[in-house]
Each structure stands twice: as C-alpha cells, then as structure tokens.
Amino acid sequence: MHPILEGLNEEQQKVVLATHGPVLVLAGAGSGKTRALTHRIAYLIEQGIAHPQQILAVTFTNKAAAEMRHRIEKLLGSPANTPRSVSTFHAMGAKMLREQPGAHGRSRGFSILDMSDSEKLVRKALKDNNYSLKEWSPQAVRGMISKIKHDSPDIPDFSNPQKPSEEVLAKILPIYERLLSEHDAYDFDDLLRIPLKMLREVPSVRAYYQSRFKFVSVDEYQDTNAMQEEIISLMLGPEKNVCVVGDDYQSIYSWRGANVDHILQFEQRNPGCTTIILTQNYRSTPNILEAANKVIEQNIEQKHKKLWTTRTSTQAVQVRTLPSDRGEATWVCNQIGEHVRSGRRLKDCAVLYRTNAQSRLMEEQFLTHRIPYTIVGGFRFYDRKEIKDALALLSFSLSLSSRIHFERIASVLLTRVGPKTIDKWEQGARNSGLTLGIYLAQETDRSDLKKIIAAIYRAKQTNHERVSDLLRALLTDTGFMTALAALPDGKERIENVEELFNVAAAYTTTEAFLEDTALLSDLDRLETETDRVTCMSLHASKGLEFPLIFIIGCEEGLIPHGNSFNSPSSIEEERRLLYVGMTRAQDKLTITTSAYRFMGGEMTPQAPSRFLSDLPENVERSQENIFNVQQNSHTNSPESWDDISDFLHDEPTLVQPMSGSYVSHPQFGKGVIIGTIGEMLTCVFEGHGVKSVEATSCSVSS
DNA sequence: GACAGAAACGTTTTT
DNA sequence: CGTTTCTGTC
Ligand SMILES: Nc1ncnc2c1ncn2[C@@H]1O[C@H](COP(=O)(O)OP(=O)(O)OP(=O)(O)O)[C@@H](O)[C@H]1O
C-alpha cells in the first residue's frame with residue numbers, strides 16, 4: 001500500500017484516490033474528514049499529479065490552515081513541496097488583492113480594518129450626518145452594512161428605501177465606502193467581496209487563477225456563504241478538480257450568511273461528482289456518539305447519517321443540575337479537580353458555553369480554586385488598546401494619511417487634540433493638496449507633533465531588517481513607550497508591547513505583519529501544550545477535540561438562545577450547535593444546567609434546555625440542593641476544596657515553548673511562537689510567515 | 001479637550 | 001451585577 005494511504009480506512013482512501021473531477025465528502029463529526037483531505041493533498045503532490053503551487057486549500061480558521069500545512073509537510077517529508085496556498089477565505093482574499101493591484105480600487109499596501117475600526121468609520125458617518133447615535137447605534141448599523149456586504153459583491157443603493165433602516169443605509173453606506181477608500185482600507189467583508197468582483201468582472205484575473213490553481217479543496221464546506229461558493233466556482237478551470245468536505249450537522253454560521261445548501265446541493269450542481277460518506281467515528285465513546293445522535297436526529301431539515309465506533313468504553317454521559325450559575329461553575333471546578341487527582345491533565349479539559357459572557361463566572365471560580373485556565377475568544381491580543389495604538393503608529397508611518405490611525409496616535413501622544421483639531425488639520429491638508437502627514441510635517445509649529453513626525457521620517461529612512469526594529473524605533477522615538485510607562489497599569493502594557501515586538505521580529509515587511517495582526521483571531525493563538533483548562537464558546541470549538549468536555553448553561557434561553565425562539569430553523573441551528581459541542585468530547589461528556597441564573601439584576605429561574613429531553617436513557621442525571629440559591633455571593637475561599645497544585649504537572653525546567661518565545665528552526669531560521677498544539681508549535685518565521693513546526697525540530701529560548 | 005463620577009444598559013455566535 | 005457610555009466640570 002502507498003504510505004500516504006496508511007492510517008486511513010477504505011472510504012478515506014477513496015477520498016485520496018478520487019483525484020480528478022468534483023468530489024464531495026459528507027460525514028458526521030470525528031469521522032476523519034480533515035485527515036482524509038490532508039492526505040489527499042499530500043498524495044496529489046507526492047504522485048506528481050499536482051505541483052505544490054497548483055494546490056489551493058481553504059480552511060475555516062488560520063490555526064486549522066497552519067495545522068493542515070504542517071501535516072502535509074510531515075507526510076511529504078519536504079518543506080519545499082508543501083503548498084503555500086493553505087489559508088482561510090479571508091487570508092486568501094487579502095493575498096489576491098495584494099497580487100492584483102490595479103484590478104481594484106486600493107494600493108498594494110492597503111490596510112485591513114477590524115470591526116472596531118470600521119465601527120469608528122460608521123460612527124463618524126452617522127455623526128457627520130446628524131443621526132442620533134442612540135437611535136442608530138454604530139454597532140447595529142455596522143452590522144447591517146456587514147450583512148449587506150456579505151450578501152452580494154455589489155452594494156445596493158437603496159434608491160427606493162422601504163424602511164427607516166434602509167433610508168439610513170442609503171445615506172450612510174456610500175459615505176462609509178468613501179471613508180474606507182480615503183483610508184486606502186478594506187473591511188473584513190471586502191476581503192471576500194472585492195476578490196469576487198475581480199473574478200467576475202476582470203477576465204484576465206479569472207484566467208490567471210483558473211490556470212494557477214488546478215486542485216482546489218475546501219474544509220468545513222457546510223459553513224460557506226454565497227460569495228465564498230462563487231469564488232471557488234469561478235476559480236475552477238474546466239477540469240473542475242475540487243474536493244469539498246463537510247457535515248450539514250455542523251452548520252452553525254447561518255447568521256453570518258453561511259448556507260448549508262452549498263454542501264447539500266453540491267452533487268446536483270456538479271455533474272459527475274464522486275460522493276463519499278464516512279461513517280466510522282474515531283473520536284468519541286459509544287455513549288457520547290449515541291447521545292449526540294439522539295439530539296441531532298430530532299432535526300427535520302438534515303441529511304441523517306449514523307456514526308459507529310469500535311471504542312468500547314462504557315463511561316456514561318452526565319447531566320447535572322445545580323442550584324445557581326455560580327454553583328455550576330464551582331461544581332465544574334470540583335469535577336476538574338477530581339479528574340486531575342485521578343491522573344488527568346488540565347489541558348485534557350475544556351469548558352464550552354453558548355455566550356462568551358458565561359466565561360466570567362468560570363474565570364472567577366478558576367481563580368478562587370487556583371486552577372490555571374485560558375479563555376479563548378471575545379477579546380483578541382491585537383485588540384488591546386496599547387497594541388492597537390502601537391499598530392496605528394506603524395500603519396500611519398506607512399500611509400502618512402490614514403485618519404483613524406492618526407486619531408489613535410493623537411489620543412496617546414498629543415494633548416488638547418481631538419476630532420475638532422484633526423478636522424482642521426485634515427482640511428488644511430486637503431486645501432494644499434497634501435496628505436495629512438506631509439502637511440503636518442511642513443506646517444505644524446507644535447513641538448510634540450514635530451517630534452512625532454520627525455521620528456516617523458527617521459524610522460522610514462533607516463533600513464530596518466525586521467519589522468520589530470522599525471516598530472521599536474518608532475515607539476521609542478515618538479515617546480510612546482514613555483507615555484505607556486506613565487500609565488497606572490503601565491508595566492503590564494509595556495509587557496504586551498514587548499510581546500508585540502517579539503511577533504514583529506518574525507516579519508520583514510510591515511504590510512505582511514499588519515495583515516496578520518488584522519486576520520489572526522484569538523482562537524489562532526490557542527496553546528494546547530501548556531497545562532491549563534480551555535474555555536470557549538460552542539462556535540469556537542468547531543473542529544477541535546478534548547478528552548473531557550463540560551458544556552455549561554444548557555438551559556432554555558441560552559441554548560436554544562432566546563433570540564432563536566421565534567424561528568424553527570434557528571432552533572435547529574441551536575440544536576446543531578449543541579451537537580458540535582457534544583461531539584468534541586473524546587472520553588467523557590458532562591452537561592450542566594443551573595436552576596437559577598443571575599440575569600438583569602436578579603436570580604431568575606431557568607428551565608433545562610429542551611434538547612436535554614432528547615438524550616437517551618443511559619445518561620446519568622443528577623441534581624444537588626436546587627433550592628439552595630441564597631449562597632450566591634462570591635467568596636475568596638471555596639469551601640471543602642483540597643488544593644490541586646500538588647497534582648499539577650509542573651512544567652519541565654528547560655525552556656517551555658510558549659507564546660512569545662523565540663525559536664530557531666533548521667529550515668525557517670529565526671521565529672517566534674504564537675501558539676501550540678500538542679507537540680506542534682505555530683510560529684511566525686522571518687521571511688516565511690506563519691508555519692507549524694514540531695517542537696522537537698527546533699530550539700526554544702525565552 | 002481631559003477626566004472623574006454618574007447613569008444607563010445589557011446577554012448570541014466571529015472570519 | 002458589572003461594564004460601558006454619558007455628562008458636567010475644570
Ligand atoms: N483512519 C483513522 N484511524 C485512526 N484515527 C483516525 C482516522 N481518521 C481520523 N482519525 C482521528 O479521528 C479524529 C477526528 O478526525 P478529523 O478531525 O479528521 O475528523 P473530522 O471529520 O474532520 O471531525 P469534525 O467534523 O468533528 O471536525 C482525529 O483525532 C483523527 O486523528
């Protein structure tokens with residue numbers, strides 16, 4: 001047998017060997033879809049069927065992309081033959097836009113605005129047009145704009161508004177787009193929208209990508225939206241070598257425009273399609289599989305698939321009802337303590353929840369129980385104020401014109417300068433036909449501003465080998481570091497900026513560095529090597545696996561979420577969400593509900609989730625002093641808790657690979673760790689960008 | 001324009 | 001209840 005086919009079952013081997021034409025892999029959770037796809041790509045290259053440059057592979061997260069690239073490299077044993085184009089749709093879009101300047105309305109060095117930056121532009125557009133920010137919250141309007149922009153590549157003009165909201169959009173949307181253009185920037189949605197427009201409207205661009213990518217694959221295809229589907233179809237040449245992989249049970253992003261029909265109708269839309277169904281689950285115990293299946297089988301609009309396993313563990317799925325939300329968090333801590341005492345590691349445990357707000361109580365209890373933990377999601381490292389300010393300075397040094405970046409700089413480094421003053425300067429710049437930076441360099445007589453501009457010019461003229469050198473020079477010379485140090489929590493902020501230097505050390509171009517800081521999510525920085533409990537939303541858990549899973553807050557109103565009550569299809573999506581969470585568990589699944597939950601200022605009685613009544617008979621149900629609600633205040637010393645620190649595996653004395661550490665790799669040279677998975681490190685290497693490498697293959701220093 | 005103290009407000013999910 | 005946004009003063 002071919003070595004790449006080893007470790008695959010018969011059906012998975014079919015996925016690998018069906019090299020040409022459209023291929024659909026539809027299969028339930030943990031059936032080895034991603035593994036089959038990875039081996040398929042390695043096989044195509046190893047057999048010489050495809051050149052590495054002809055491979056395009058799209059994944060759902062940057063982390064999944066890095067992991068897939070690493071696995072392919074390991075299978076091939078050759079970094080040189082590892083395909084470069086393994087990325088998310090958004091990262092791919094950004095790359096296309098940089099490759100095709102001139103085919104769209106921005107420069108090669110355009111910047112990417114994250115949600116909070118684009119919300120700032122919306123706020124400005126609303127304010128300048130005298131809309132009440134109370135009535136039209138920038139956040140909500142940004143949401144509406146985003147919805148419109150991921151619906152279609154062409155923005156409707158709302159010339160005939162039907163609703164008040166459309167009236168606002170008719171006014172605001174063109175202004176928002178103009179502001180984006182003035183900033184030489186794209187928002188997240190544009191990273192899909194503009195590449196699609198190019199593929200649709202510019203024949204030479206379409207021809208280029210069609211001849212370049214001869215073998216295309218997409219993981220998690222059930223969560224693609226209409227634009228993503230069209231981008232893929234326009235990239236395919238007449239031979240249509242495309243492999244899509246997914247599970248309609250796990251379609252959980254319809255609120256973001258994803259449409260499960262793309263996978264369900266793939267067969268009809270692609271005549272001659274080879275369809276492969278994987279049915280063996282390699283992840284979970286029979287009890288977990290049965291429970292998950294009982295939950296999902298209640299959905300009407302699914303293509304039902306049953307999974308089987310050869311695992312024999314009889315460990316029961318547990319459902320526990322607790323008196324209060326805080327009691328729930330405490331109980332989970334105690335359970336984790338039990339597991340650790342019986343030999344499990346903290347990193348084997350994950351706590352999943354429907355809303356990020358639920359992480360707060362877990363965090364509080366982990367702290368009082370002295371259990372190391374990490375919370376994934378919500379706030380990104382790159383969203384911290386000091387980091388955004390530092391990046392704004394770097395970004396402005398490139399463009400010398402971007403107003404939102406200048407505003408940030410001004411708020412940190414200049415006193416008595418707010419929107420009014422900047423308006424004035426911007427107007428002055430416009431009148432003299434100069435960019436803001438050049439205008440200020442010539443006109444200002446403020447010494448603080450002169451100092452900043454001079455520092456920027458000096459930094460630009462010096463030849464910095466690494467982005468970190470440039471960034472450090474900028475932040476030091478402008479007085480940014482001094483200003484940070486003067487803040488009450490200055491020490492911590494300086495530490496964060498130091499970590500930013502570490503990451504920047506791996507880049508040689510500022511544009512590439514800024515692009516990654518915009519595109520990398522919190523999840524992409526997840527470390528699974530340090531011994532900590534991981535907490536995240538059910539959405540964020542898609543594609544991951546842990547031996548021990550706790551799903552907390554399984555109550556009506558949370559899952560299914562209150563906002564989904566009025567729509568049967570939303571309820572079905574909530575059910576799929578629970579299915580996704582349950583199927584992350586390898587060995588033991590524990591579900592908790594709380595009888596009372598602190599909401600809106602008072603303890604509110606909660607009903608258990610309707611989904612729990614579909615669980616099979618063999619789940620272990622228990623509850624504990626449900627009426628013992630009064631004890632819901634926070635204390636710093638948990639009662640009857642034996643500290644587990646003796647059981648925690650202290651990390652070895654040699655340097656522990658962790659985020660921010662420097663690595664040195666035989667192939668890629670010097671780099672910095674941004675995350676770890678098992679024995680693998682996700683690193684950024686000088687001149688090579690984000691890569692996954694084995695911890696044993698490189699040396700680590702702090 | 002900056003800051004501190006007061007009021008409102010709130011609970012989806014994220015590339 | 002805890003966090004974010006607003007308001008009034010300097
Ligand atoms: N043929 C196989 N033999 C042994 N283990 C396998 C096999 N195929 C996959 N696995 C293991 O099963 C687990 C799930 O695989 P994978 O992540 O590829 O599944 P998936 O179908 O993509 O899952 P999900 O849809 O839940 O994300 C992994 O731990 C993987 O290593």
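Quick note: numbers below take in every heavy atom, side chains included, and nothing from hydrogens, waters or symmetry partners. We name chains A, B, ... by the order of the sequence lines, and we start the count at 1 in each one.
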Please name all residues satisfying side chain to side chain donor-acceptor pair (under 3.5 Å) with A:T224, sequence neighbours left out, ordered by chain then number. A:H262
Just call it for A:F60: base, sugar-phosphate, or nothing, with non-hydrogen atoms closer than 4.0 Å on any strand. sugar-phosphate
With A:F60, which residues qualify under ring-ring contact (aromatic ring centres under 6.0 Å, His included), at least two apart? A:Y253
How far does the P atom of C:dT5 sit from the matching atom of B:dT13, given to the nearest Å? 16 Å
Report the C-alpha distance between A:V245 and A:Y221 in whole Å, list the side-chain angles of each, state the deciding distance to 0.1 Å, and finish with yes or no for side-chain contact (heavy atoms from CB on, under 4.5 Å). CA-CA 6 Å; A:V245 167; A:Y221 196 66; 5.9 Å; no
Under the rule for side-chain contact (heavy atoms from CB on, under 4.5 Å), what residues qualify as partners of A:N299, not counting sequence neighbours? A:I296, A:Q302, A:E572, A:R575, A:R576
Qualifying residues under ring-ring contact (aromatic ring centres under 6.0 Å, His included), relative to A:F213, sequence neighbours excluded: none
Separation of B:dG10 atom C1' from A:R597 atom CZ, nearest Å, is 15 Å
Round to a whole Å and report the spacing from CZ of A:R380 to C1' of B:dT15. 10 Å
What pairs of nitrogen or oxygen atoms, one from the protein and one from nucleotides 2-6 of chain C, lie under 3.5 Å apart?
none

Are there any protein N/O atoms within less than 3.5 Å of an N/O atom in nucleotides 12-14 of chain B, and if so, which ones and at what distance?
| unit_1 | atom_1 | unit_2 | atom_2 | d |
| --- | --- | --- | --- | --- |
| B:dT12 | OP2 | A:N563 | ND2 | 2.6 |
| B:dT12 | O4' | A:H561 | NE2 | 3.4 |
| B:dT12 | O2 | A:R354 | NH1 | 2.6 |
| B:dT12 | O2 | A:R354 | NH2 | 2.0 |
| B:dT13 | OP1 | A:N356 | N | 2.5 |
| B:dT13 | OP1 | A:N356 | ND2 | 3.3 |
| B:dT13 | O4' | A:R354 | NH2 | 3.4 |
| B:dT13 | O2 | A:W255 | NE1 | 3.2 |
| B:dT13 | O2 | A:R354 | NH2 | 2.7 |
| B:dT13 | O2 | A:H539 | NE2 | 3.4 |
| B:dT14 | OP1 | A:S537 | OG | 2.8 |
| B:dT14 | OP2 | A:N356 | ND2 | 3.1 |

Which residues share a side-chain contact (heavy atoms from CB on, under 4.5 Å) with A:A57, sequence neighbours left out: A:I41, A:M68, A:V86, A:S217
Answer yes if the ring centres of A:W255 and A:H539 are under 6.0 angstrom apart, and no otherwise. yes
Interatomic distance, A:F565 CZ vs B:dT11 P [rounded to whole Å]: 17 Å
Note every stem involving DNA chain B: at least three consecutive Watson-Crick or G-U wobble pairs, i with j then i+1 with j-1, with both distances under 3.5 Å. B:1-10 with C:1-10
Whole angstrom value for the distance that separates P of B:dA2 from CD of A:E407: 12 Å
Take atom CG of A:D223 and atom C1' of B:dT15, then tell me their distance rounded to the nearest Å. 11 Å
Which residues satisfy the side-chain contact (heavy atoms from CB on, under 4.5 Å) test with A:S567, sequence neighbours excluded? A:S569, A:S570
Figure out the NZ/P separation between A:K149 and B:dT15, and round it to whole Å. 18 Å
Quick one: list whatever passes ring-ring contact (aromatic ring centres under 6.0 Å, His included) with A:F406, sequence neighbours left out. A:F396
If the C1' atom of B:dT11 is compared with that of C:dT7, how far apart are they to the nearest Å? 26 Å
Contacts of type side-chain contact (heavy atoms from CB on, under 4.5 Å), residue A:D189, not counting sequence neighbours: A:S146, A:K149, A:H150, A:D187
Who passes ring-ring contact (aromatic ring centres under 6.0 Å, His included) against A:Y186, sequence neighbours left out? A:H104, A:F110
